[in-house]
Engineer: 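To start, I am sharing the structure in question, which I have written as structure tokens.
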Number of protein chains: 2
Amino acid sequence: MVTLAEVAQHAGVSASTVSYVLSGKRSISAGTRQRVERSIQELGYHPNAGARALASSRSNIIALMVPLRTDMYVPVMMEIAIAVATNARTHGYDVLLLTGEEGPDAVRRVTGSGLADAMILMDVELDDERLPLLRETDQPSVLIGLPADTTGLTCVDLDFGATGALCAEHLALLGHRDIAVIGEAPAVYERHTGFAERTLDGLRSRSRELGLRVLHRPCEGGYDAMALTLARILDERPGTTGFVVQNESAVEPLLALLRREGRAVPEDVSVIAICPDQVATQASVRLTSVAIPAQDMGRHAVEHLIAKLEGRDKDEVVLIAPELTVRASTGPAPAAP
Amino acid sequence: MVTLAEVAQHAGVSASTVSYVLSGKRSISAGTRQRVERSIQELGYHPNAGARALASSRSNIIALMVPLRTDMYVPVMMEIAIAVATNARTHGYDVLLLTGEEGPDAVRRVTGSGLADAMILMDVELDDERLPLLRETDQPSVLIGLPADTTGLTCVDLDFGATGALCAEHLALLGHRDIAVIGEAPAVYERHTGFAERTLDGLRSRSRELGLRVLHRPCEGGYDAMALTLARILDERPGTTGFVVQNESAVEPLLALLRREGRAVPEDVSVIAICPDQVATQASVRLTSVAIPAQDMGRHAVEHLIAKLEGRDKDEVVLIAPELTVRASTGPAPAAP
DNA sequence: ATCCGTTGTCGAAGCGCTTCGACAACCTAT
DNA sequence: ATAGGTTGTCGAAGCGCTTCGACAACGGAT
């Protein structure tokens, strides 16, 4: 293991000089800098992370808390996690992966031990028990998701309210009048993760303005659950011609069931999905969709966190504007019979 | 920030005593231990990670390199990552998330800086460029996946050879004679990740013994690609009655296409998928499948790594035995016309 | 009573780095 | 020629912990 001192000796300078070459916190003559850099190269020197953390009280690590559950939107979570890791690296940070298992204790542990300089929390619940802790430490943090009370917090999320509104507008514009929302599993609503409710609120209020009738049904996903849900919807509102699906695992079942029912997409009914682009393009019908911008969310989270670490930037809520991509699953409402 | 020294003072003992209470490396009288533990509680002490790492030259961190790609088996990757993180915690380790982006440099950086005590590499290629580095450092590591040359390495993977054989046996037992393998995208084969080839080898050699005829076709996944692939298979071998699918995103398209062709599953054709259980149970037909045991893989990887860190355990290749679960997509081959 | 082996505690060194103040050496303005 | 300001480098302190050797205190064996 090569140390700073060895590099210093090899380059014929003092340890502090090497340190300043590395950090750039004091000016160094071009000659000295080059000699030091050559020595670093030749010896294959890597600064020791622990020593650095101890001396500077900064670990250059960002903690990322991911949900333990793997029941929902896993690819999105993964994409966010990878985006966080990649973006963090470009700012010189590494990412520590924490699962939700430890719960609030993980926040205490990481904050207390100086393991990480900052945290990113995913899958935030409306009344998340980690939030009080976060507020009382001075550890910078960013949430991905939106709790009920955002005072003193920085949050990044897709604007699900606007997403719902966008779906309503698109269907209204095509002449649909009766639409159904197929939502996440009931467990998701009970967990109060917020995004599902916000989508629904946005969709409902815009629908009211546009004169759309909305029926909302949570759905477990999978074929059997979807079959039941669809039957109930069509039973209650036979005239339903527009569907908004916010549940990855209900998308394909819905399409299959509509096909089986003899309802053509998009001739008889239109379907909008709220899902990653990959799902929308790989489905059996190329789906009109509002994408979940996982990459953007990860990037924004990191950038705001870095800003906070550097003392710029104050708390704020960043809502990413939704974008609706029209594909082959939506079309004009059929003429009333 | 509470320090060891403060705890020591509060408890009326020396710093080293507190340290020994924490580590248990020397015997401490019951009374002293209790006083120290109370002080720790009262002051809310958390050992400083950097100082600890510096003094002990052990960071208690395991680095996990995940692939940057999100084009394949993402849920599996995520599940493994989470299993790794969870299991690592039970052994007192945290997990550092590295993406493949840095490539071999990440190995150098982590090893050199003492950031992590050990590494787990996912998505290992047959001739992975990170392997030489791994072999020449004394950093303990475990691969998830199997490279061409495993000397001096510890690897954990599903036994894909046995998986292939198992599929062949199941279909043969049901009386099928002509079977087709729908594989991963050509890119996966070109990348030489190995698992796809191993499955095929296992399946082919067992098929030879059992008198099965095998046709193998890579497939991009998605409806269009699958339609083309299926058409080619049925054109070339109209008598094909068994399918083995090793490609998550081809499963549902295949089922839909078979339905459209009027071939009933499992009456006319049988389908076995090699995929996570969740996919198998949520598909439009409950699929007979060989599960990809993500949890087990993560757990094994961590346990072997810990064993190596503690000086037990030598290098070895751990192949997890595949398990075939019979569901509703396989049945007796139809009587020959 | 003496010696030896345990057991429990302490002091001090040191892990490899950052950072502060000090200070030559030089340049520029008087 | 001198004062004052830069610029580049160094030495030393110290971050909070682990760990080694030392050693008092005590018990049991002789």
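Chain identifiers are assigned alphabetically (A, B, ...) following the order of the sequence lines, protein sequences preceding nucleic acid strands; residue numbering begins at 1 within each chain. Only heavy atoms go into these numbers, but all of them, side chains included; no hydrogens, no water, no symmetry mates.
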Engineer: Just verifying a value: how many Å separate B:Ile28 CD1 and B:Gln34 CD, rounded to the nearest 0.5 Å?
Structural biologist: 12.5 Å
Engineer: Please compare A:Val2 and B:Ala30 by the position of their nearest nucleotide in DNA chain C and report the one closer to 5'.
Structural biologist: B:Ala30
Engineer: Can you find a side-chain donor-acceptor pair between A:Ser16 and A:Ser19 that sits under 3.5 Å?
Structural biologist: no
Engineer: Under the salt bridge (Lys or Arg N to Asp or Glu O under 4.0 Å) rule, collect the residues that match up with B:Asp128, sequence neighbours excluded.
Structural biologist: B:Arg130
Engineer: Would you call B:Lys308 and B:Asp117 a salt bridge, taking side-chain N to carboxylate O under 4.0 Å as the test?
Structural biologist: no
Engineer: What residues from residues 108-119 of chain B pass a heavy-atom cutoff of under 4.0 Å to DNA chain C?
Structural biologist: none
Engineer: Quick check: on DNA chain D, is the nucleotide nearest B:Arg26 upstream (toward 5') of the one nearest A:Thr32, or the reverse? Name the residue that is more 5'.
Structural biologist: A:Thr32
Engineer: Around atom CG of A:Asp127, are there more than 12 heavy atoms from other residues, nucleotides or ligands closer than 6.0 Å?
Structural biologist: no
Engineer: Name the nucleic acid region contacted by A:Ile28, choosing base, sugar-phosphate or nothing; use a 4.0 angstrom heavy-atom cut-off, strictly under.
Structural biologist: sugar-phosphate
Engineer: Quick one: are B:Asn48 and B:Thr3 in side-chain contact, heavy atoms under 4.5 Å?
Structural biologist: no
Engineer: Should B:Met119 and B:Leu64 count as side-chain neighbours, where that means a heavy-atom distance under 4.5 Å?
Structural biologist: no
Engineer: Below 4.5 Å, heavy atoms only, C-beta onward: do B:Val110 and B:Leu98 meet side chain to side chain?
Structural biologist: yes
Engineer: Quick one: CD1 on A:Ile292 to CE on A:Met77, what's the gap to the nearest 0.5 Å?
Structural biologist: 9.0 Å
Engineer: Pull out every residue in residues 7-25 of chain A that has a heavy atom closer than 4.0 Å to any atom of DNA chain C, ordered by number, or say none.
Structural biologist: A:Ser16, A:Ser19, A:Tyr20, A:Lys25
Engineer: CD of A:Glu310: more than 12 outside heavy atoms within 6.0 angstrom?
Structural biologist: yes
Engineer: To the nearest 10 degrees, what angle separates the axes at the start and end of the helix from C:dA1-D:dT30 to C:dT30-D:dA1, five pairs each?
Structural biologist: 40°
Engineer: Can you list, by residue number, the residues of residues 35-50 of chain B that have a non-hydrogen atom closer than 4.0 angstrom to DNA chain C?
Structural biologist: none
Engineer: Distance from A:Tyr93 atom OH to A:Asn87 atom CG, nearest 0.5 Å?
Structural biologist: 14.0 Å
Engineer: When rounded to the nearest 0.5 angstrom, what distance separates CD in A:Glu37 from CZ in A:Arg33?
Structural biologist: 6.0 Å
Engineer: Look up atom CG in A:Leu309 and atom NE2 in A:His304, then write down how far apart they are to the nearest 0.5 Å.
Structural biologist: 13.0 Å
Engineer: Taking atom CD of B:Glu125 as the centre, report whether more than 12 heavy atoms of other residues, nucleotides or ligands fall under 6.0 Å from it.
Structural biologist: yes
Engineer: Does anyone know the first and last nucleotide of DNA chain D in reach of chain B, 5' to 3', at under 4.0 angstrom to a heavy atom?
Structural biologist: D:dG16 to D:dA22
Engineer: Decide, yes or no, whether a salt bridge links B:Glu102 with A:Arg89 under the criterion of side-chain N to carboxylate O below 4.0 Å.
Structural biologist: yes
